[in-house]
Amino acid sequence: MIKTNPHLRIGQREVESVIAMTELVSGIDDQQGGRYARPMAASFLVNAIGPYLKAEAPDEVRRALLSAAADHCYLTGYMAMDERLDGLANRYYLKALELSRLAGDELTFCTTLRGMSVMHGDLGDGVTAIRLARSASAASPQAGPRMRAFLAGQEAHAAALTGDRALAMLRIKQAESAMEKAESQAKAFGSYDPSALHYHISQVRYELDDLDGAIKSMQESHQAREPAYRRTRVRYGAMLAERKFKAGRLDEACTDWHRVLDEYPLVQSGRVDDRIREMQTLMTPHLRNPSARELHDRSRSMAM
């Protein structure tokens with residue numbers, strides 16, 4: 001249990017300040033990436049949330065604060081993952097699990113497990129990714145349709161990473177069904193949406209060797225994405241270009257990569273840096289091609 005400070009007392013106003021700060025930093029992260037936004041979140045966690053957690057408070061306020069703090073820790077972990085500081089991200093995620101459990105907050109608990117699954121999937125550890133994705137689904141038995149789509153999409157990708165085609169396709173169908181129901185009820189800007197679902201479908205198709213299908217779904221993801229999500233647009237745009245390149249569509253891939261480089265200086269993200277380095281590696285054997293050479297030279301002129 002967290003030790004309390006009898007000399008400090010908080011109320012709903014402090015809880016609302018944590019929620020507001022988390023929303024603010026999340027918006028900055030969406031636009032500019034985790035390396036830019038995480039130090040703000042980490043500082044607020046130490047200097048404001050930490051003392052709040054030790055303060056005296058009514059039970060209702062304390063539960064609300066624990067939940068808000070868990071959500072802030074989850075976001076901070078996600079941004080650390082975006083920086084490719086995966087060990088640090090894991091520590092934030094574990095703290096988010098602890099706080100959400102104390103708060104009785106199933107939503108943040110299962111969202112954090114899913115975030116850990118995403119991280120392990122990015123690292124190529126499909127076995128751990130599927131275990132965590134299943135745990136996330138099991139932790140939220142009363143989830144609404146959008147949350148079910150959010151969880152099933154990640155479980156589908158994790159299953160595809162392990163080569164489990166049947167489970168991957170089953171979970172994608174469940175995610176599509178849940179998303180259709182969620183969209184018929186209400187739009188939800190800032191949460192799991194059709195763009196994110198198309199991304200997961202692309203990932204599943206790619207892992208199951210359907211390269212043309214993966215390209216098509218990633219293009220659909222781009223078309224459905226809200227303009228606010230620059231970091232995602234840049235990273236997934238680079239992934240789309242990689243897949244076009246692997247399909248033998250070099251000129252199209254170079255065009256897409258140039259669009260990525262147009263916005264790349266505005267994004268501070270280790271995961272985006274990874275994609276730019278991968279592009280340079282892919283271009284190196286093709287430098288006699290004028291388009292490839294121009295792209296390679298342009299990317300090298302940008303500090304990473």
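What you see below is based on every heavy atom in this structure, not just the backbone, and it leaves out hydrogens, waters and symmetry mates.
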Less than 4.5 Å apart, side chain to side chain, heavy atoms only: is that true for [X] and [Y]?
X      : Y      : value
Phe245 : Trp257 : yes
Met119 : Asp125 : no
Arg9   : Pro58  : yes
Ser291 : Leu250 : no
Gln154 : Val118 : yes
Gln32  : Val267 : no
Cys254 : Met283 : yes
Leu266 : Arg230 : yes

State whether [X] and [Y] are salt-bridged, where the test is any N-O pair (Lys NZ or Arg NE/NH1/NH2 against Asp/Glu carboxylate O) under 4.0 Å.
X      : Y      : result
Asp82  : Arg35  : no
Asp274 : Arg271 : no
Asp59  : Arg63  : no

I need the minimum non-hydrogen distance between [X] and [Y], along with the two atoms involved.
X      : Y      : result
Leu151 : Ser137 : CB-OG, 3.8 Å
Ala37  : Met79  : CB-SD, 3.5 Å
Gly121 : Ala129 : N-CB, 3.7 Å
Ala57  : Ile10  : CB-CG1, 3.7 Å
Ala253 : Ala241 : CB-O, 3.4 Å
Ala175 : Gly153 : CB-N, 3.9 Å

[X] and [Y]: same hydrophobic cluster, using ILVMFWY side-chain contacts below 4.5 Å?
X      : Y      : value
Tyr199 : Val234 : no
Val46  : Ile49  : no
Leu123 : Tyr93  : yes
Tyr92  : Phe44  : yes
Ile19  : Tyr52  : yes

For Pro39, which residues count as a side chain to side chain contact (heavy atoms under 4.5 Å, CB included) partner, sequence neighbours excluded?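 Testing Pro39 for side chain to side chain contact (heavy atoms under 4.5 Å, CB included), a comparison that skips the adjacent residues, returns none.
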Taking only residues two or more places apart in sequence, or in another chain, which ones meet Lys95 in a side chain to side chain contact (heavy atoms under 4.5 Å, CB included)?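 So Lys95 forms a side chain to side chain contact (heavy atoms under 4.5 Å, CB included) with Cys73, Glu98, Leu99.
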Looking at [atom1] of [X] and [atom2] of [Y], how far apart are the two atoms once the value is rounded to the nearest 0.5 Å?
X      : Y      : atom1 : atom2 : value
Leu85  : Arg91  : CG    : CZ    : 9.0 Å
Leu240 : Arg235 : CG    : CZ    : 13.5 Å
Thr162 : Arg131 : OG1   : CZ    : 13.5 Å
Ser135 : Arg114 : OG    : CZ    : 14.0 Å
Arg165 : Leu208 : CZ    : CG    : 4.5 Å
Ile215 : Glu220 : CD1   : CD    : 12.5 Å

Residues Glu14, Val61; criterion side-chain contact (heavy atoms from CB on, under 4.5 Å); working and verdict: CA-CA 9 Å; Glu14 284 75 18; Val61 170; over 6 Å; no
Chi angles and distances behind the side chain to side chain donor-acceptor pair (under 3.5 Å) call for Gln280, Arg277: CA-CA 5 Å; Gln280 291 175 339; Arg277 283 189 286 267; over 6 Å; no
Test side chain to side chain donor-acceptor pair (under 3.5 Å) on Arg231 and Ser269 and set out the steps. CA-CA 8 Å; Arg231 188 264 314 280; Ser269 164; 5.1 Å; no
Run the numbers on Lys216 and Asp212 for salt bridge (Lys or Arg N to Asp or Glu O under 4.0 Å), then give the verdict. CA-CA 6 Å; Lys216 179 176 181 291; Asp212 288 340; over 6 Å; no
Just by distance, do the side chain of [X] and the backbone of [Y] share a donor-acceptor pair under 3.5 Å?
X      : Y      : result
Thr232 : Tyr229 : no
Ser177 : Gln174 : no
Thr111 : Leu107 : yes
Ser117 : Leu113 : no

Go through the steps to decide whether Tyr74 and Leu97 satisfy the test side-chain contact (heavy atoms from CB on, under 4.5 Å), and finish with yes or no. CA-CA 8 Å; Tyr74 162 74; Leu97 291 178; over 6 Å; no
Apply side-chain contact (heavy atoms from CB on, under 4.5 Å) to Arg84 and Asp122, showing your working. CA-CA 10 Å; Arg84 284 276 65 112; Asp122 282 356; 4.1 Å; yes
With salt bridge (Lys or Arg N to Asp or Glu O under 4.0 Å) as the criterion, how do Arg146 and Glu183 come out once you've worked through the C-alpha distance, each side chain's angles and the decisive distance to 0.1 Å? CA-CA 8 Å; Arg146 197 172 298 277; Glu183 287 290 291; 3.0 Å; yes
Distance-only donor-acceptor pairs under 3.5 Å for side chains of residues 65-72, two or more places apart:
{"from": "Ser67", "atom 1": "OG", "to": "Asp105", "atom 2": "OD2", "distance (Å)": "2.4"}
{"from": "His72", "atom 1": "ND1", "to": "Thr22", "atom 2": "OG1", "distance (Å)": "2.8"}
{"from": "His72", "atom 1": "NE2", "to": "Ala41", "atom 2": "O", "distance (Å)": "2.9"}

Would you check, one step at a time, whether the test side-chain contact (heavy atoms from CB on, under 4.5 Å) holds for Tyr206 with Lys246? CA-CA 11 Å; Tyr206 182 75; Lys246 291 175 183 178; 2.8 Å; yes
Donor on one side chain, acceptor on other, [X] and [Y], under 3.5 Å:
X      : Y      : answer
Tyr36  : Asp29  : no
Ser195 : Glu226 : no
Arg225 : His222 : yes

Geometric cation-pi criterion Arg243 and Tyr236, 6.0 Å radius, 45° cone: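 Ring-cation test returns no.
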Establish, for the pair Arg101 and Phe109, whether the NZ or CZ atom is under 6.0 angstrom from the six-membered ring centre and no further than 45 degrees off its axis.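 Ring-cation test returns no.
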With salt bridge (Lys or Arg N to Asp or Glu O under 4.0 Å) as the test, would you mind laying out the steps for Arg298 and Asp262 before giving the verdict? CA-CA 10 Å; Arg298 183 186 179 195; Asp262 288 344; 2.7 Å; yes
